[in-house]
Participant: 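This structure is in structure tokens; I'll ask about it shortly.
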Number of protein chains: 2
Amino acid sequence: MTDVSRPAISPGASPLFLREDEVRRGIELLYFGYTRLTNAIDQELGKQGLGRAHHRALYFIARKPGLTVGELLKLLAITKQSLGRVLKELQDQGFILTSPGVVDRRQKLLRLTEKGEGLEAELFRQLREKLSSAYVSAGQESVTGFWHVLEGLVPESDRKMVLDLRGDNS
Amino acid sequence: MTDVSRPAISPGASPLFLREDEVRRGIELLYFGYTRLTNAIDQELGKQGLGRAHHRALYFIARKPGLTVGELLKLLAITKQSLGRVLKELQDQGFILTSPGVVDRRQKLLRLTEKGEGLEAELFRQLREKLSSAYVSAGQESVTGFWHVLEGLVPESDRKMVLDLRGDNS
DNA sequence: CGAGATACGTCAGTCATGTTGACGTATCTT
DNA sequence: AAGATACGTCAACATGACTGACGTATCTCG
């Protein structure tokens with residue numbers, strides 16, 4: 001497929017100055033790949049009267065049930081006012097429920113209701129369909145490479161937060 | 001780094017149903033990687049009183065000088081009203097200039113001014129810094145894998161448009 | 001040549017999602 | 001008891017998208 005056998009980095013060049021086309025190709029594929037993947041669920045969200053912002057909250061609550069508002073704020077990197085609106089709408093429509101923190105009662109712990117779990121599962125199903133097919137057509141080695149490059153785009157200061165999403169939510 | 005040697009696809013499972021964690025990892029890294037990369041230029045754009053939408057237009061005009069409004073609309077996948085506002089602002093501030101189409105005078109061809117080229121180059125420099133460092137830390141093989149997976153996320157119907165950005169703008 | 005399609009522009013109103021700034025309350029820490 | 005922290009909320013505003021309707025210049029084709 002295309003000309004991937006061509007070296008992506010000119011052998012003699014400084015590794016900090018990759019060939020411009022290689023970088024532009026990454027920028028473009030990241031833009032188109034990301035937007036097309038997220039487009040995949042817009043219709044389903046629309047049916048429920050929700051938007052992308054609601055999905056992001058739903059997603060992370062599904063990923064780490066019982067996480068606090070503060071933790072979610074860090075993941076989403078938006079203001080508490082913006083998040084507050086989104087969470088209120090999700091709660092009013094019965095997608096999430098909250099409970100006071102056990103160790104610290106100032107905290108509010110977020111969980112999905114059954115309805116919320118159902119919606120998140122359906123949205124995830126559609127994302128998995130798209131991403132799985134990309135994984136399969138690219139092959140296993142490509143997938144690990146895909147992860148490695150993306151990990152390198154996440155600043156050191158955020159990396160722990162991102163990697164902590166895996167593993168400890170079983 | 002982490003446990004990438006573990007098979008990403010359970011050997012016995014259908015390739016269309018990859019393990020959930022593998023897919024979630026991709027979703028999350030794509031989200032964080034994409035947002036962190038685009039964050040990198042927000043400050044510079046702010047200085048010029050521009051936003052992300054302006055950068056996307058600027059980027060594609062730089063990538064394919066002389067492209068038409070219609071072509072840019074297809075790339076950005078937004079309405080002509082939205083694009084119209086963005087282009088007007090870019091033109092008013094002297095970043096782009098337009099000329100009537102040569103073969104079809106209904107068309108408007110878009111190009112960067114010197115000022116526009118300067119800004120685009122500076123924004124590109126900052127994106128390249130981030131992306132190059134991710135490429136280097138991931139390694140050459142990872143980079144081609146990164147591209148392959150992302151190409152798989154672009155629907156067949158859009159792939160030609162995306163691949164056409166490369167090569168013929170020398 | 002004339003009719004219709006096409007490329008582009010524009011007016012007007014709306015929506016989703018983000019922002020800043022200021023303040024209030026309950027709870028925890030020391 | 002004082003101060004920090006977690007969360008909520010009111011108000012005003014910015015950005016960038018949307019729909020719908022219309023207007024003009026230009027091209028294409030019967």
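So you know, we letter chains A, B, ... as the sequences are listed, proteins then strands, and number each from 1.
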Participant: Calculate the interatomic distance between His55(B) atom NE2 and dA17(D) atom P; express it in whole Å.
Facilitator: 14 Å
Participant: Of Arg52(A) and Gly101(A), whose closest DNA chain C nucleotide lies nearer the 5' terminus?
Facilitator: Arg52(A)
Participant: Where the side chain of Arg106(A) is concerned, which of dC28(C), dA22(C), dT19(D) is the nearest nucleotide?
Facilitator: dC28(C)
Participant: Using only modelled atom types and a 3.5 angstrom limit, is any donor from either the side chain of Gln81(B) or the base of dG13(C) paired with an acceptor on the other?
Facilitator: no
Participant: We want to know whether Glu89(B) and Gln93(B) form a side-chain donor-acceptor pair, criterion being a heavy-atom distance below 3.5 angstrom.
Facilitator: no
Participant: Using OP1 and OP2 only, check whether a side-chain N or O of Thr79(A) sits under 4.0 Å from dT19(C).
Facilitator: yes
Participant: Please check the phosphate of dA16(C) (OP1 and OP2 only) for any side-chain N or O of His54(A) closer than 4.0 Å.
Facilitator: no
Participant: Pick base, sugar-phosphate or nothing for Gly70(A), based on heavy-atom distances below 4.0 Å to the nucleic acid.
Facilitator: sugar-phosphate
Participant: Here's a test of your reading of the structure: between Gly49(A) and Gly84(B), which maps to the more 5' nucleotide of DNA chain C?
Facilitator: Gly84(B)
Participant: Taking any heavy-atom pair under 4.0 Å as a contact, classify Gly51(A): base, sugar-phosphate, or nothing.
Facilitator: sugar-phosphate
Participant: What is the distance from CG of Leu72(B) to C1' of dA7(C), rounded to the nearest Å?
Facilitator: 14 Å
Participant: Report the C-alpha separation of Lys74(B) and Glu71(B) in whole Å, then their side-chain angles, then the decisive distance to 0.1 Å, and conclude whether the salt bridge (Lys or Arg N to Asp or Glu O under 4.0 Å) test is met.
Facilitator: CA-CA 5 Å; Lys74(B) 274 187 194 159; Glu71(B) 285 166 347; over 6 Å; no
Participant: Can you classify the ring geometry of Tyr135(B) versus Phe146(B) as parallel (below 30°), tilted (30 to 60°) or perpendicular (above 60°)?
Facilitator: perpendicular
Participant: What is the distance from CD of Glu71(A) to P of dA6(D), rounded to the nearest Å?
Facilitator: 10 Å
Participant: Counting heavy atoms from C-beta on, name the nucleotide in dG16(D), dA7(C), dC7(D) closest to the side chain of Gln107(B).
Facilitator: dA7(C)
Participant: Provide, to the nearest angstrom, the distance between the CG atom belonging to Leu110(B) and the C1' atom belonging to dA7(C).
Facilitator: 12 Å
Participant: Kindly indicate whether a cation-pi arrangement holds for Arg56(A) with Tyr31(B), taking the cut-offs as under 6.0 Å to the six-membered ring centre and within 45° of the axis.
Facilitator: no
Participant: May I ask you to say what Arg85(B) touches in the nucleic acid, namely base, sugar-phosphate or nothing, with a heavy-atom cut-off under 4.0 Å?
Facilitator: base
Participant: Among dT17(C), dA17(D), dT19(C), which nucleotide sits nearest the side chain of Arg56(B)?
Facilitator: dA17(D)
Participant: Can you tell me the distance, in whole Å, between the CG atom of Asp104(B) and the P atom of dA25(D)?
Facilitator: 15 Å
Participant: Kindly give the heavy-atom pair with the smallest separation between Asp42(A) and Thr38(A), and that separation in Å.
Facilitator: OD1-O, 3.5 Å
Participant: Please assess Arg166(A) against Glu28(B) for the test salt bridge (Lys or Arg N to Asp or Glu O under 4.0 Å), listing each intermediate value before the final yes or no.
Facilitator: CA-CA 10 Å; Arg166(A) 309 194 288 139; Glu28(B) 290 149 20; over 6 Å; no
Participant: To the nearest Å, how far apart are Glu89(B) CD and dT15(D) P?
Facilitator: 8 Å
Participant: Once you round it to whole Å, what is the distance between P of dC7(D) and CD1 of Ile96(A)?
Facilitator: 13 Å
Participant: Of the candidate nucleotides dT17(C), dC8(C), dA22(C), which contains the atom at the shortest distance from the side chain of Lys80(A)?
Facilitator: dA22(C)
Participant: Choosing from dG20(D), dC28(C), dT19(C), which nucleotide comes nearest the side chain of Ile78(A)?
Facilitator: dT19(C)
Participant: Does a side-chain N or O from Ser82(A) land closer than 4.0 Å to OP1 or OP2 of dT19(C), or not?
Facilitator: yes
Participant: Which whole-number value in Å describes the distance from Lys74(A) NZ to dC7(D) C1'?
Facilitator: 14 Å
